[in-house]
**Q** 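Here you go, one structure.
Values below: every heavy atom of this structure, side chains too, minus hydrogens, waters and symmetry copies.
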Amino acid sequence: MAWGCVLCLALAGGALVALLLRWLRAEGDLTLLWAEWRGRKPEDELRGKVIWVTGASSGIGEELVCQLSKIGALLAISARREDELERVKKKCLEISNLSEKDILVLRLDLTDRSSHEAATNSVLKHFGKIDVLVNNGGRSQRSLFVDTNLDVYSAIMELNYLGTISLTKYVLNHMIERKRGKIITVSSVMGLMGAPLASGYCASKHALQGFFNSLRTELTDYPEINITVICPGPVQSQIIQNVFTENLAKPLEKSGDQSHKMPTDRCVRLTLVSMANDLKEAWVSDQPYLAICYLWQYAPTWAWWLMNKLAKKRIQNFKSGVDADVSYSRKKK
């Protein structure tokens with residue numbers, strides 16, 4: 001009997017150690033990793049679905065479209081730069097079995113809310129339905145609040161928040177008529193916490209978190225309409241090159257090396273897993289950012305203390321012209 005207890009304790013201890021080691025190497029929260037291991041596969045769930053992706057001309061949006069094309073999803077791709085969308089479409093046709101009519105290029109400016117109803121109707125006219133809306137369009141920020149003009153904050157909220165919920169409103173009306181659909185919104189770990197150099201960006205992502213968490217509660221009569229919020233950490237994409245700075249007309253002078261961040265294809269794969277498994281919220285991030293998400297959720301006082309420690313170095317990095325997060329990345333350059 002005693003040996004049986006010892007064996008059980010040893011097995012339990014081994015399992016906890018294995019779980020801890022897996023978590024230290026994690027690229028997403030535990031629910032997401034379980035869904036990737038044992039859940040539904042994107043290849044089974046998303047093939048043949050009509051999926052509209054905003055911000056599809058670069059970065060996460062472009063990679064999303066490419067992976068979805070390989071799966072066999074029917075795609076509407078939107079951004080402001082139509083020439084870049086055509087480039088992405090050509091790329092998708094080369095790597096998939098889709099035909100010309102399976103990918104609709106639809107120029108869209110999220111800040112032009114008066115155009116969103118017509119854009120939605122264009123997708124519906126082409127495909128007859130919208131199964132999934134992926135709200136990916138948006139811009140980040142790199143500037144200190146004391147140096148930043150208030151019109152930058154207005155522009156961030158107009159694009160990241162109001163533009164996103166405006167488009168969602170028109171697509172949701174269609175999904176309510178059909179009583180089914182998925183709305184996927186790419187937020188950020190910055191939507192869970194606060195960080196220096198991104199106060200406006202954090203505010204816009206906090207607004208999205210609050211909106212979609214509230215919207216989910218308003219759709220209880222439509223159990224087949226699913227709301228998923230994706231919270232990526234730092235990712236190798238063009239988001240840094242296109243950030244807002246202290247002035248609307250000023251581009252970022254130095255973006256710094258981005259190689260220490262999560263590869264875009266891995267971020268997108270985990271996003272598709274979240275989409276296929278109807279996760280309500282998914283944290284897609286390397287350590288140490290993932291650990292900070294847990295701290296912010298369960299021990300906010302410790303999180304504030306830690307963020308204050310990291311903040312000084314983050315600001316110093318930025319002013320030195322290197323990537324703000326590089327000094328505490330676990331990855332070697």
Side-chain angles (χ1 to χ4, degrees), residues 50-62 64-65 75-85 88 104-127 129-141 148-178 181-188 190-191 198-219 222 225 227-230 239 242-244 247-249:
V50 175
I51 303 178
W52 187 5
V53 181
T54 67
S57 61
S58 64
I60 290 175
E62 178 178 347
L64 264 170
V65 170
L75 297 165
I77 59 176
S78 291
R80 290 179 300 168
R81 299 176 295 172
E82 191 168 356
D83 57 336
E84 287 298 300
L85 291 174
V88 173
L104 172 66
V105 168
L106 183 64
R107 186 187 179 280
L108 180 73
D109 184 349
L110 281 174
T111 63
D112 182 9
R113 285 182 268 147
S114 65
S115 70
H116 294 177
E117 183 176 16
T120 303
N121 289 335
S122 294
V123 179
L124 292 175
K125 181 179 179 181
H126 187 87
F127 290 112
K129 63 176 182 176
I130 300 170
D131 294 304
V132 184
L133 170 65
V134 182
N135 289 312
N136 175 68
R139 289 175 68 184
S140 188
Q141 176 195 9
T148 305
N149 295 334
L150 285 180
D151 57 357
V152 171
Y153 288 86
S154 177
I156 291 174
M157 294 301 291
E158 186 66 45
L159 173 61
N160 292 1
Y161 176 62
L162 290 173
T164 295
I165 69 170
S166 170
L167 188 63
T168 297
K169 187 174 183 66
Y170 292 108
V171 176
L172 181 61
N173 288 336
H174 165 67
M175 290 181 175
I176 287 175
E177 287 180 5
R178 297 182 67 219
K182 299 177 189 282
I183 297 174
I184 316 298
T185 298
V186 180
S187 178
S188 169
M190 296 296 190
S199 55
Y201 181 70
C202 287
S204 69
K205 296 301 185 178
H206 275 72
L208 287 175
Q209 300 276 138
F211 172 81
F212 283 104
N213 285 341
S214 299
L215 178 60
R216 194 181 291 111
T217 67
E218 295 181 5
L219 296 174
Y222 303 94
I225 299 178
I227 306 287
T228 297
V229 178
I230 308 294
I239 192 170
N242 299 323
V243 295
F244 286 104
N247 188 300
L248 284 176

**Q** Given side chains that start at C-beta, do those of S78 and W52 come closer than 4.5 Å, heavy atoms only?
**A**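 The answer is yes, as the side chains (C-beta and beyond) meet within the 4.5 Å cut-off.
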**Q** Side-chain contact test, heavy atoms from C-beta onward, threshold under 4.5 Å: evaluate it for I130 versus T120 and give yes or no.
**A**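 They are in contact (side-chain heavy atoms under 4.5 Å apart), so the answer is yes.
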**Q** Charged N to carboxylate O below 4.0 Å: is that the case for R113 and E158?
**A**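 Looking at R113 and E158, the cut-off is met.
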**Q** Where do V88 and A56 come nearest, in terms of heavy atoms and distance?
**A**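 Nearest pair, atom of V88 first, then A56: CG2-O, 3.7 Å.
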**Q** Rounded to the nearest 0.5 Å, how far does CE of M190 lie from CG of L208?
**A**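 The distance works out to 14.5 Å.
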**Q** How long is the gap from OG on S115 to CG on L110, to the nearest 0.5 Å?
**A**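 If I round to the nearest 0.5 Å, the distance is 8.5 Å.
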**Q** Sub-3.5 Å donor-acceptor pair from the side chain of S204 to the main-chain atoms of I156, do we have one?
**A**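 Here the side-chain-to-backbone pair does not exist.
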**Q** Kindly give the heavy-atom pair with the smallest separation between R81 and S57, and that separation in Å.
**A**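 Closest approach of R81 to S57, heavy atoms only: NH2-OG, 3.2 Å.
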**Q** Flag the pair E62 / I77 as yes when at least one side-chain heavy-atom distance between them is below 4.5 Å, and no otherwise.
**A**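 Heavy-atom side-chain distance check fails, nothing below 4.5 Å.
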**Q** Hey, what do you get for OG1 (T54) to CG (L133), rounding to the nearest 0.5 Å?
**A**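 T54 atom OG1 to L133 atom CG measures 6.5 Å (nearest 0.5 Å).
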**Q** CZ/F211 to CG/L162 distance, rounded to the nearest 0.5 angstrom?
**A**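 Reported value, rounded in 0.5 Å steps: 10.0 Å.
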**Q** Would you say the side chains of S199 and Y153 form a donor-acceptor pair under 3.5 Å?
**A**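 Yes, because at least one side-chain N or O of S199 sits under 3.5 Å from a partner of the opposite role on Y153.
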**Q** In this structure, are over 12 heavy atoms from other groups packed under 6.0 Å from R216 atom CZ?
**A**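 It does: R216 CZ has more than 12 such atoms within range.
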**Q** If you take all heavy atoms of R178 and D131, which pair is closest and at what distance?
**A**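 Smallest interatomic distance, heavy atoms only, reads NH1-OD1, 3.1 Å.
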**Q** Are the side chains of T164 and F212 in contact, using a 4.5 Å heavy-atom criterion?
**A**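 They are in contact (side-chain heavy atoms under 4.5 Å apart), so the answer is yes.
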**Q** Is it true that a side-chain atom of Q141 and a backbone atom of Y201 form a donor plus acceptor pair closer than 3.5 Å?
**A**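 Such a contact is found between Q141 side chain and Y201 backbone.
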**Q** For N135 and T168, which I'm curious about, is there any donor-acceptor pair between the side chains at under 3.5 Å?
**A**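 The criterion, which ignores hydrogens and geometry beyond distance, is satisfied for T168 and N135.
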**Q** Just wondering, do I230 and T185 contact through their side chains at under 4.5 Å, heavy atoms?
**A**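 No, their side chains stay 4.5 Å or more apart.
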**Q** Check whether any side-chain heavy atom of L124 lies under 4.5 Å from a side-chain heavy atom of H126, and answer yes or no.
**A**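 They are not in side-chain contact.
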**Q** Closest heavy-atom contact between A155 and L248?
**A**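 Answer, listing the atom of A155 first, then L248: CB-CD2, 3.7 Å.
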**Q** Under 4.5 Å between any side-chain heavy atoms of R139 and L159, yes or no?
**A**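 Sidechains of L159 and R139: in contact.
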**Q** Considering the options V134, L219, L167, I227, which one meets the side chain to side chain contact (heavy atoms under 4.5 Å, CB included) requirement together with I183?
**A**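 Checked V134, L219, L167, I227 against I183; only one passes side chain to side chain contact (heavy atoms under 4.5 Å, CB included): I227.
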**Q** Is it true that the side chains of Q209 and S187 contain a donor and an acceptor less than 3.5 Å apart?
**A**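 Q209 vs S187: donor-acceptor pair found between side chains.
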**Q** With distance as the sole test, does N247 use its side chain to make a donor-acceptor pair with the main-chain N or O of A249 at under 3.5 Å?
**A**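 Answer holds: yes.
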**Q** Quick one, I60 with N136, criterion side-chain contact (heavy atoms from CB on, under 4.5 Å). Give me CA distance, side-chain angles, the key distance, then yes/no.
**A** CA-CA 8 Å; I60 290 175; N136 175 68; 3.7 Å; yes
**Q** What distance do L172 atom CG and L215 atom CG have between them, rounded to the nearest 0.5 Å?
**A**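 Here the rounded value is 6.0 Å.
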**Q** Give a yes or no on whether the backbone of G138 and the side-chain of N160 come within a donor-acceptor separation of less than 3.5 Å.
**A**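 Absent.
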**Q** Using atom types as modelled and distance alone, determine if a side-chain donor or acceptor of K129 lies under 3.5 Å from a backbone N or O of M175.
**A**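 No, the answer is negative, given that no donor and acceptor are paired below the 3.5 Å cut-off.
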**Q** Please find the pair of heavy atoms, one from G61 and one from V53, that lie closest to each other, and give the distance.
**A**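 G61 and V53 have their closest heavy atoms at O-CG1, 4.2 Å.
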**Q** Using a 4.5 Å cut-off on heavy atoms from C-beta on, say whether the side chain of I176 contacts that of I225.
**A**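 Sidechains of I176 and I225: in contact.
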**Q** Can you name the residues that form a salt bridge (Lys or Arg N to Asp or Glu O under 4.0 Å) with E84, not counting sequence neighbours?
**A**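 Once residues adjacent in sequence are excluded, the partners of E84 under the salt bridge (Lys or Arg N to Asp or Glu O under 4.0 Å) criterion are R87.
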**Q** Which atoms form the tightest heavy-atom contact between G163 and H116, and what is the distance?
**A**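 Looking at all heavy atoms of both residues, the closest pair is O-CE1, 3.5 Å.
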